[in-house]
Each structure stands twice: as structure tokens, then as C-alpha cells.
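Report on the following structure.
Along the sequence shown, residues carry numbers from 1. Computed over heavy atoms, backbone and side chain alike; hydrogens, waters and symmetry mates excluded.
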Amino acid sequence: MLGLVLAALFFGVLLIFFFVFARYFGLWIQCKLTRADIGLWSLLGMTFRKVNTRTIVRSKIMATQAGLIDPDMTSEALEAHYLAGGNVPQVIRALIAAKKAKTISLTFREASAIDLAGRDVLEAVKTSVYPKVIDCPPRGAAKPSLDSVAKDGIQLKVKARVTVRANLQQLIGGATEETIIARVGEGIVSAIGSAANHKAVLENPDLISKAVLAKRLDSQTAFEIVSIDIADIDVGANIGARLQADQAEADTQVARARAEGKRAAAVAEEQENLAKIQESKASVVLAQADVPRAMAEAFRSGKLHILDYYKLQNVSADTEMRKSLAVTTSEYKEPSDSDNAR
């Protein structure tokens, strides 16, 4: 009975060993033949740590065959990067591309950090080797061109192309393409606004490029500006003349408003004078109304007799007659004078 148990146990161990050997033998042989330095027990441990063994092995073999020598690029480091959510094959490809370029210094630690930061490290290396062209303003923007006004009031519409190279040392924490586009656009607008005459800008568009490049707009960004080329420049509207016309119209409106205010004040003053005239007429009427009462009081008190009253009436009638005769004589003489003048 004991012999059967031992035989079954031995058979089970042998079966497990055969299963492990059959599963990992091919990967282990590849590591041995390529000097990738990954042992059989390391492959078994990757399975328990839920690491894709084929991804790690192929990445390690790819790095070894490319001649990458980096003490930080061990199988444990590759596993850690995989478990952290990184793209191990992408990092290895980026390191190989940087090594083939011979002008880029990139370590495994930097490449893995860039990859974990969410950046495409392989694309960054390609951009560092082959500069990238960015349209300013970008395609699909709200405005198809950068509009600015020179000091003489003429508007210029500019389209630029910015050639950039990736700066791997500042790729982590550095600003993206949107910042480059915004800074270059601001620099172009400022350069045109500083120009005394729009004709000078049209004759030498490179003045804009030199002015923008001198400001070092690529600082604290993930790119290095190689060149700024003015692709197109057009003359827009005469903004200065338009502003002057608008200012003249505004001045006219202000003058009209002031004149209208003076007219309203004059009309109000005229109405006040008319009211005063009416008030004076009312006072006269009131005074005239007191005359009959004074005369009646004089009759009652005996200070005025009927003969005196008649004398007053005759004097008043005589005065009215004299006034009417004077008016008639003046009206008769006026046409005669005009006839003599003719």
C-alpha cells in the first residue's frame, strides 16, 4: 500500500515537472541561446506573479540581440514595469531606436518613466530623430490664420509652420504641442504688432521668425523648436482707418447728444418764460378785476361822483380813438414808403 502511494506521488511530481518543462522549455531554450539570462524558475515565478512570460522573454531577447547594455534593465525591472501597467515592448523598441540613432541618450529608467507617464516613448524617440512639423494655427482651428495689426493700422493674416524635435529630458512634466502653438502664435502677433509698417513685414517675413525664435518659446516644454517658417501672409482690412471712422462717428453722436441737450434746455427755458408771461397776465387780470370793486367803494364812500365817472369814460374813449387813428395812419404810410422805394 505504501509503495502504491509513493509511486502515485512520484508519478504526480513527474507529471508536474513534465508539464512545467513542456510549457517553459521553449522559452527557456530561447533565453539560453540568446543569452537573455532568464532562468526556468524565474519563468515559473512570473506565472505565479501573473506576468505574461512571453512578453518579458521576447522583450529581453529583443534588447539582448540589439546590444542594449543597461544595468537597470533586468528581468525583475521588466516585470515591475509590466505590473505597473507599462508597455514593455514599446519601451524596448524606443531604447533600440535611440541606440541606432547614436545621437540620443536614453536609459531604461528614463524610458520606463516616460511610458508610465502616459507618453508614447517610441513616438518621442522618432520625433527626436525626425523633427515634426506643426501647423500654427492648427488645422480645424476656429480661425484659419493668425491675425495681427501693425502700427500703421493694416491687418496681416499669417500662417506658420513650426518644426520641433522632441526633448526627451523634459518629456516628463514638459508642456505639449498646444503650448508650443499658443506661444508661437502669441510671438507672431507680438512681432507684427511691433512692426512700424506692414510693408516691412511683407518684404521680410523672416523678421517674424527671428523675433519669435529669440524669445526661446520652447523652454519648459517637451519639444525643441528647430525653425519657424512663415507659410503664408496676406493683407487684411485697414483696422486703423476703421477705428478712426468709428471714433469720428462716436464723436458725432456725442456732439448730437450735447446739441440735443442744449435744445431741450432752451425749450424748457422758453416754456418757463411763457409760464411767467401767463402768470403776469393773470396778475393783470386780477388787478383789473379790483378796479370795479375800488370804483364801487368810491361811489359808496362819496369820493367819486357820477360826473367824475363819465369824465373818466370820455377820457378813456378819447384815448382809444387816438390809438386807433394812429394805427390806421401808420398802416397807410407804410405802403406809400415802399412804393417810393420802388
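One N or O on the side chain of Asn197 and one on the backbone of Lys199 form a donor-acceptor pair closer than 3.5 Å. No donor-acceptor pair under 3.5 Å is formed between the side chain of Ser190 and the backbone N or O of Glu186. A donor-acceptor pair under 3.5 Å is formed between the side chain of Asp70 and the backbone N or O of Asp72. Using a distance-only test at 3.5 Å, with no hydrogens or angles considered, no donor-acceptor pair links the side chain of Asp206 to the main chain of Ser209. No side-chain donor-acceptor contact under 3.5 Å links Ser145 to the backbone of Asp147. In this structure, Arg183 contributes its side chain and Ser219 its backbone to a donor-acceptor pair below 3.5 Å. Not one N or O on the side chain of Thr179 forms a donor-acceptor pair closer than 3.5 Å with the backbone of Ala175. The closest donor-acceptor contact from the side chain of Asn238 to the backbone of Ala241 lies under 3.5 Å. Looking only at distances, no side-chain donor or acceptor of Asn167 sits under 3.5 Å from a matching main-chain atom of Ala222. Using modelled atom types, one side-chain atom of Ser148 and one backbone atom of Val189 make a donor-acceptor pair closer than 3.5 Å.
Residues Ile92 and Met73 form a side-chain contact, since some pair of their non-hydrogen atoms from C-beta on lies under 4.5 Å apart. Between Leu68 and Lys99 the shortest side-chain heavy-atom distance falls below 4.5 Å. Side-chain contact between Asp218 and Phe223 is absent, with no heavy-atom pair separated by less than 4.5 Å. A 4.5 Å side-chain heavy-atom check between Asp246 and Arg242 finds at least one atom pair inside the cut-off. Taking the side chain as every heavy atom from C-beta outward, Glu79 and Thr74 never approach each other to under 4.5 Å. Inter-residue side-chain proximity for Val125 and Leu106 is flagged as met; some heavy-atom pair is nearer than 4.5 Å. Ile228 places a side-chain heavy atom less than 4.5 Å from the side chain of Ile225.
Between the OG1 atom in Thr107 and the CG atom in Leu95 there is a gap of 7.5 Å [rounded to 0.5 Å]. Going from atom OG1 of Thr53 over to atom NZ of Lys60 covers 15.5 Å, rounded to the nearest 0.5 Å. A distance of 10.5 Å separates CG of Leu156 from CD1 of Ile230, quoted to the nearest 0.5 Å. Rounding to the nearest 0.5 Å gives a distance of 15.0 Å between CZ of Arg58 and CG of Leu78. Atoms CD and CD1, from Gln65 and Ile96 in turn, are 10.0 Å apart once rounded to the nearest 0.5 Å. In this structure, Leu146 CG and Ile192 CD1 are separated by 7.5 Å, a value rounded to the nearest 0.5 Å.
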Expected list for residues 128-138: side-chain donor-acceptor pairs under 3.5 angstrom, two or more places apart:
{"from": "Lys132", "atom 1": "NZ", "to": "Glu177", "atom 2": "OE2", "distance (Å)": "2.3"}
{"from": "Asp135", "atom 1": "OD2", "to": "Arg139", "atom 2": "NE", "distance (Å)": "3.1"}

Listed pairs under 3.5 Å, donor-acceptor, residues 278-285 side chains, sequence neighbours left out:
{"from": "Ser280", "atom 1": "OG", "to": "Lys276", "atom 2": "O", "distance (Å)": "3.0"}
{"from": "Ser283", "atom 1": "OG", "to": "Glu279", "atom 2": "O", "distance (Å)": "3.0"}

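No hydrogens or angles considered: nothing links the side chains of Asn273 and Glu269 as a donor-acceptor pair under 3.5 Å.
The hydrophobic clustering, which links ILVMFWY residues whose side-chain heavy atoms are closer than 4.5 Å, places Val149 and Ile188 apart.
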_Please determine whether side-chain contact (heavy atoms from CB on, under 4.5 Å) holds for the pair Leu202 and Val235, giving the CA-CA distance in whole Å, both sets of side-chain angles, and the decisive distance to 0.1 Å._
CA-CA 9 Å; Leu202 293 176; Val235 178; 3.6 Å; yes

_side-chain contact (heavy atoms from CB on, under 4.5 Å) for Lys157 and Ile233? Distances and angles first, verdict last._
CA-CA 6 Å; Lys157 299 182 178 182; Ile233 181 169; over 6 Å; no

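No salt bridge links Arg119 with Asp115; every basic N to acidic carboxylate O contact stays at or beyond 4.0 Å.
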